[in-house]
Amino acid sequence: GDLSETGQLSVIFGSDMKRVVRCSKFRHVFGQPVKNDQCYDDIRVSRVTWDSALCTVNPKFVAIIVEASGGGAFLVLPLHKSGRIDKAYPTVCGHKGPVLDIEWCPHNDQVIASGSEDCTVMVWLIPENGLVTPMAEPVGVLEGHSKRVGIVAWHPTAHNVLLSAGCDNQIIIWNVGTCEAMITLEDMHPDIIYSACWNRNGSLIVTSCKDKAVRVIDPRKETIIAEKEKAHEGARPMRAIFLADGNVLTTGFSRMSERQLALWNPSNMEEAITVHEMDTSNGVLLPFYDADTNVVYLCGKGDSSIRYFEITDECPYVHYLNTFGSKEPQRGMGYMPKRGLDVNKCEIARFYKLHERKCEPIVMTVPRKSDLFQDDLYPDTAGPEPALEAEEWFDGKNGDPILISLKNGYVPVKNREFKVVKKNILDSKVTKNSENSSPKSEAKLEEILKEIKSLKDLVSSQEKRIITLEEQMSKIAI
Ligand SMILES: *[C@@H]1O[C@H](CO)[C@@H](O)[C@H](O)[C@H]1NC(C)=O
């Protein structure tokens, strides 16, 4: 009815208590797996013991980390390439150790980054129609970590800026366009970093760490601006993400191993805004967040369900919406960016659930009778155009995401040409030499000019002397 469309509160009076029921347009969101022939079958999903999502999706491709003998690999499948995937299907296979995390660049649907046990980050340019032969040559290799790299995360609004976090407890922020490590955050994390996430405009990052602390970091000032020790008291891994309003949402475990969801205000991290207890289970809860609608989807690793919540600024702030349940546990999960959804079907989220040997898309839909575009479900969303260049961001500028309307569906833009321009060491030496020697050579030049002048003076005075002597000689000769 009307209430559910406006998201107002309605108060229901019981016999002797007041109960507040919040009506939300997302309350009736339901999940549905696609038909079998639209799944990707016969995939050997990676068995690596690292709690990453193992899958990343964009409007063109789904990429999945797979088992590989001797080295590491991931599959990149055009979305329409469902069905049985041949054993010989080419993979991206340039890493020398297992791949731990992958993420599509938000600004170019053919560029993907990978972090690996081989201590490197690699950046790959996928051909427009996917791979026809194995790809072992990345467009960029980012070397700087001394241990395996478990997290890669692209900057949301600056072109070619990538964050990586390694088991060396360091975060490196790269300019992918030049393959340079621009910022290294050392000595901030005393233990393994479990998650690292940018805020909406990429001015800050939030991390969760094995030491149980959540830290809000200004990466360009290289300072921790807020910190909560023991955000969750349990020993199992935590996750932390930024919400659109700047608050932080965390998942973790209580001392009694109950799974928790908590909300924090970075300007006062002492007390959580709210802590929500869920169940007792040991799978890490991976949060996927829709900044446009403020809906958070929690996918537990090893669970067979997706739970979703709406976050508002009304108490109790975190509002449970519903659970999508199934029989098979999930090994990993991909989450489609909003611009990849089918707005004509009122699809508000799509997941790519990894089973042991297949990937199954799950569509989340808001039931609506009308066939018209539902603007209330689709506020303008982040498009692929970056707001800034890498250099501008490293210089201190910020930019909010450039929004696009989904009213007529998403029309892919032509990708900007992706190029890595490595700084030529010889070039920089040549420039350095001329630059370095320029003040010196100026002084030297002046010295030489002085010397020439004094020589000239000497020559001309000698000349005068010779003339005088010649005159005297001629007089004598006469
Ligand atoms: C970026 O986000 C931060 C933190 O939310 C905010 O303080 C800042 O004003 C934003 N800057 C721009 C240019 O949007």
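Whatever order the structure lists them in is the order used to number ligands and atoms, beginning at 1.
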(Q) Set out, in order, the CA-CA distance, both residues' side-chain angles and the distance that settles side chain to side chain contact (heavy atoms under 4.5 Å, CB included) for I192 and C209, then state yes or no. (A) CA-CA 6 Å; I192 289 175; C209 178; over 6 Å; no
Q.
Quick one: does any side-chain atom of S52 pair with a main-chain N or O of L100 as donor and acceptor, under 3.5 Å?
A. yes
Q: Take I112 and I126 through the side chain to side chain contact (heavy atoms under 4.5 Å, CB included) test and state the conclusion after the steps.
A: CA-CA 8 Å; I112 186 168; I126 306 298; 4.1 Å; yes
**Q.** Sole residue of P33, P361, C299 in side-chain contact (heavy atoms from CB on, under 4.5 Å) with F351
**A.** C299
Q. Under a 4.0 Å heavy-atom cut-off, which residues neighbour ligand 1?
A. N199, N201, S203, N398, D400
Q. Is E222 close to L185 at the side-chain level, that is, under 4.5 Å between some pair of heavy atoms?
A. yes
Q: Could you check V295 against L321 for side chain to side chain contact (heavy atoms under 4.5 Å, CB included), going step by step and ending with a plain yes or no?
A: CA-CA 9 Å; V295 176; L321 291 169; 4.2 Å; yes
